[in-house]
Participant: 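Structure incoming, see below.
The model shown is predicted, which means the values in this text are computed figures rather than measured ones. Only heavy atoms go into these numbers, but all of them, side chains included; no hydrogens, no water, no symmetry mates.
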Protein chains: 2
Amino acid sequence: MSLDTRAEILLKTLIERYIAEGQPVGSRTLARQAGLDLSSATVRNVMADLEDMGLVCSPHTSAGRIPTERGYRVFVDTLLKVKPLNLNELHKLEQELHADHDPQHLIENASHMLSEVCKLAGIVMTPRREEQLAFRHIDFVNLSNRRVLVILVTQDGQVHNRIIQADREYSPAELVQSANYFNATYSGVSMGDVKRALLKEIQQASDDMQRIMQAAVSMAREALSSEEQPDDLVVSGESNLMDFPELGDVRKLRKLFDAFTAKRDLLRLLDQSMRTGGVKIFIGQESGYDVLADCSVVTAPYSADGRIVGTLGVIGPTRMAYEQVISIVDITARLLGGALSSNEGSGRLESSGR
Amino acid sequence: MSLDTRAEILLKTLIERYIAEGQPVGSRTLARQAGLDLSSATVRNVMADLEDMGLVCSPHTSAGRIPTERGYRVFVDTLLKVKPLNLNELHKLEQELHADHDPQHLIENASHMLSEVCKLAGIVMTPRREEQLAFRHIDFVNLSNRRVLVILVTQDGQVHNRIIQADREYSPAELVQSANYFNATYSGVSMGDVKRALLKEIQQASDDMQRIMQAAVSMAREALSSEEQPDDLVVSGESNLMDFPELGDVRKLRKLFDAFTAKRDLLRLLDQSMRTGGVKIFIGQESGYDVLADCSVVTAPYSADGRIVGTLGVIGPTRMAYEQVISIVDITARLLGGALSSNEGSGRLESSGR
DNA sequence: GCTTGGCACTCGACCACAGGGAGTGCTAAA
DNA sequence: TTTAGCACTCCCTGTGGTCGAGTGCCAAGC
């Protein structure tokens, strides 16, 4: 029950045409477009077969055919030829995702670029690598009555800050002293190891350690523990989705936008696709979330220093220009990974299968 | 050509009804609703007068009346009785806008709360007070080859960070030393004064100062100067606007959402209303921006430590529940101001004219 | 002089209907 | 196996008719 070449060509042409125009494709148009020198009647026969296989359907009698989700699936799996993106856009991406910027900006730029270039919504999950990321610098700043601002800098230059409630008032000198202790002791140590070391310190040294150090340790611990769930999502260009008539229903849009602000489901989806290497595509229902019913999500994990730390991608209607989107997502993931890595130059452009 | 009491009552009832229902109000309904014991015919006469004055209009013959922008203006200026918000919501606001959180969170919470409680889009301009805000703490962290991360903490506990390109490599000791110098010398000094002092130092001490200090000064200066234009906007709950049928046109929505991401025009509008004290209302065209044609913007400046530092507000369709929105915006501005002030407890709830 | 009932009128919303067009499925011939 | 032909289906659009809500105006009433 597999497709012969002719049926493949016709399916491919149909989907390409439908992606471009957004309207059901009739047999006549298809016959002309496919370049196969077939009559429309023959095409109709093939279409009937494709419909039996569940790859295309017609919204109503006499309305031409549109691809089903399974049709899209076959298309992206076997028919589609990924289009390399043009140099202009590549340069633009490279420029925005240069290692010079700080991580937060890089994430935002990546999301923005994805949305701009694809004309869809761009999503980037913030990198998750506390465990393997090295500690670089900590700082305690007195705010007012017992409130202490803890500033934590990780190896990649990301700055996290958080206010904690101390158990007593500390003098600036005490705070400087404890910060120095941490910076001297733990600089370069991985975050996971720092946490484990702190746990040890606090239980073994309970009496013989100066009280201030104890406090510092517990403060650092508190600050670190709150960094456990910083999984966040940067979404850009949502309004691009308003241009697609198939999502034009305001209620659908509303649900979609709410999902963007809720973030929870999207995070789970991205998390899921973090485990597999390479570009992953969820078409319609495949994502498992109702809100994304008429949408496709194209994702790719990105890595920093050789380790996968997050996922990025785009969301758009199932009718999206996969050929281009796939390579854009792929390249963006690699550029972002490269920019986030400490030794710039890695993750450049050695092409790899998707 | 001013309104007599009866006309006022009718206009008020009409607008209230229209705000609640969203549909043109007919003379019959109005006569019943207003509690004036008038016949519909009389109401029709009054309506004709109001239409002559440009306060109401009908979308077409035989469709009841809806308020014009001028009608809304009269309504909010003279007819409307501000509704104090219920205790439940007040508590919710107070809880979210407590001084315990760090400034960035406070801003985001405020925006989110505004959108939640009003069911509209909430906007908060980030506080602008570098000049009068005191310097508290600075820190230099080496990243890699000449890239130095500068962390700047201001009096309110806000953490700004930025990567700068140094002119040569510095040792960690040098960086610690210079940070200490700054923290000792300038702690508590206002940002404006710090800048001025730095300018002086760098030109007078050019030879006799250690080179490292020179570098530190110029680094600090660079970091400070980039903090000049941090004017930013936090928008929440945009998707609430999709629930209003009068904004249901997808193209209009698209423009509106684009304005939210572009931020420029909105910032200008908020900036403009920063100068006047109290709640300010822009109805439709009054804002001067086409995108906001069918929208109203309700804003209020908020102050920290007795000084106005920013503006917040909501955006919704002209048909919004002004009575409640006004007091919500007012209170939120005061709560945020209080939470941002160093001496908590100020800016509580002494009522003041709007 | 204001208010009111009455009446003709207007206009959108809803429905039914017909014609045109695009496209299909099926059949029979090449 | 492909193709031409044909009947059929269904959407889209435009037309016309009815209904109801609401208006404007006028003449009568307080």
Participant: When the distance from CG of A:Leu30 to P of D:dT3 is rounded to whole Å, what number comes out?
Facilitator: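 For the pair A:Leu30 CG and D:dT3 P, the rounded distance is 14 Å.
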Participant: Show your reasoning for whether salt bridge (Lys or Arg N to Asp or Glu O under 4.0 Å) applies to B:Glu116 and B:Lys92.
Facilitator: CA-CA 11 Å; B:Glu116 280 285 292; B:Lys92 219 166 83 183; 5.2 Å; no
Participant: Pairs in or reaching into residues 10-19 of chain A: which pass salt bridge (charged side-chain N to carboxylate O under 4.0 Å, His left out), with residues at least two apart or in two chains?
Facilitator: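 Non-adjacent pairs meeting salt bridge (charged side-chain N to carboxylate O under 4.0 Å, His left out): A:Lys12-A:Glu16.
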Participant: Is the number of heavy atoms from other residues, nucleotides or ligands under 6.0 Å of B:Asp37 CG greater than 12?
Facilitator: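 Counting neighbours around CG of B:Asp37, 12 or fewer heavy atoms of other residues, nucleotides or ligands fall under 6.0 Å, so no.
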Participant: Figure out the CG/C1' separation between B:Asp49 and C:dG1, and round it to whole Å.
Facilitator: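 Value for this atom pair: 14 Å.
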Participant: Across nucleotides 12-30 of chain D, 5' to 3', mark each nucleotide with B, S or - according to how protein heavy atoms within less than 4.0 Å reach it.
Facilitator: ---------BBBBB-----
Participant: Using whole Å, what does the distance between atom P of nucleotide C:dG12 and atom CD of B:Gln23 come to?
Facilitator: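 From B:Gln23 CD to C:dG12 P: 15 Å.
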Participant: Please list all pairs meeting salt bridge (charged side-chain N to carboxylate O under 4.0 Å, His left out) that have one or both residues in residues 250-263 of chain B, counting only residues at least two apart or in different chains.
Facilitator: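 For residues 250-263 of chain B, and leaving out neighbouring residues, the salt bridge (charged side-chain N to carboxylate O under 4.0 Å, His left out) pairs sorted by first residue read A:Asp243-B:Arg254, B:Asp232-B:Lys263, B:Lys252-B:Asp294, B:Arg254-B:Asp258.
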Participant: Between the side chains of A:Arg65 and A:Glu51, is the shortest nitrogen-to-carboxylate-oxygen separation below 4.0 Å, so that they form an ion pair?
Facilitator: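 A:Arg65 and A:Glu51: salt-bridged.
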Participant: Tell me the interatomic distance from A:Leu14, atom CG, to C:dT24, atom C1', rounded to whole angstroms.
Facilitator: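 Taking atom C1' of C:dT24 as the reference, CG of A:Leu14 is at 14 Å.
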Participant: What is the separation between atom CG on B:Leu36 and atom P on C:dT4, rounded to the nearest whole Å?
Facilitator: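 Whole-Å distance recorded here is 10 Å.
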Participant: Starting from P on C:dT24, measure out to CG on A:Asp52 and report it in whole angstrom.
Facilitator: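 Nearest whole value for this atom pair: 15 Å.
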Participant: Salt bridge or not for B:Glu246 and B:Arg319, using N-O below 4.0 Å?
Facilitator: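 Yes, this pair counts.
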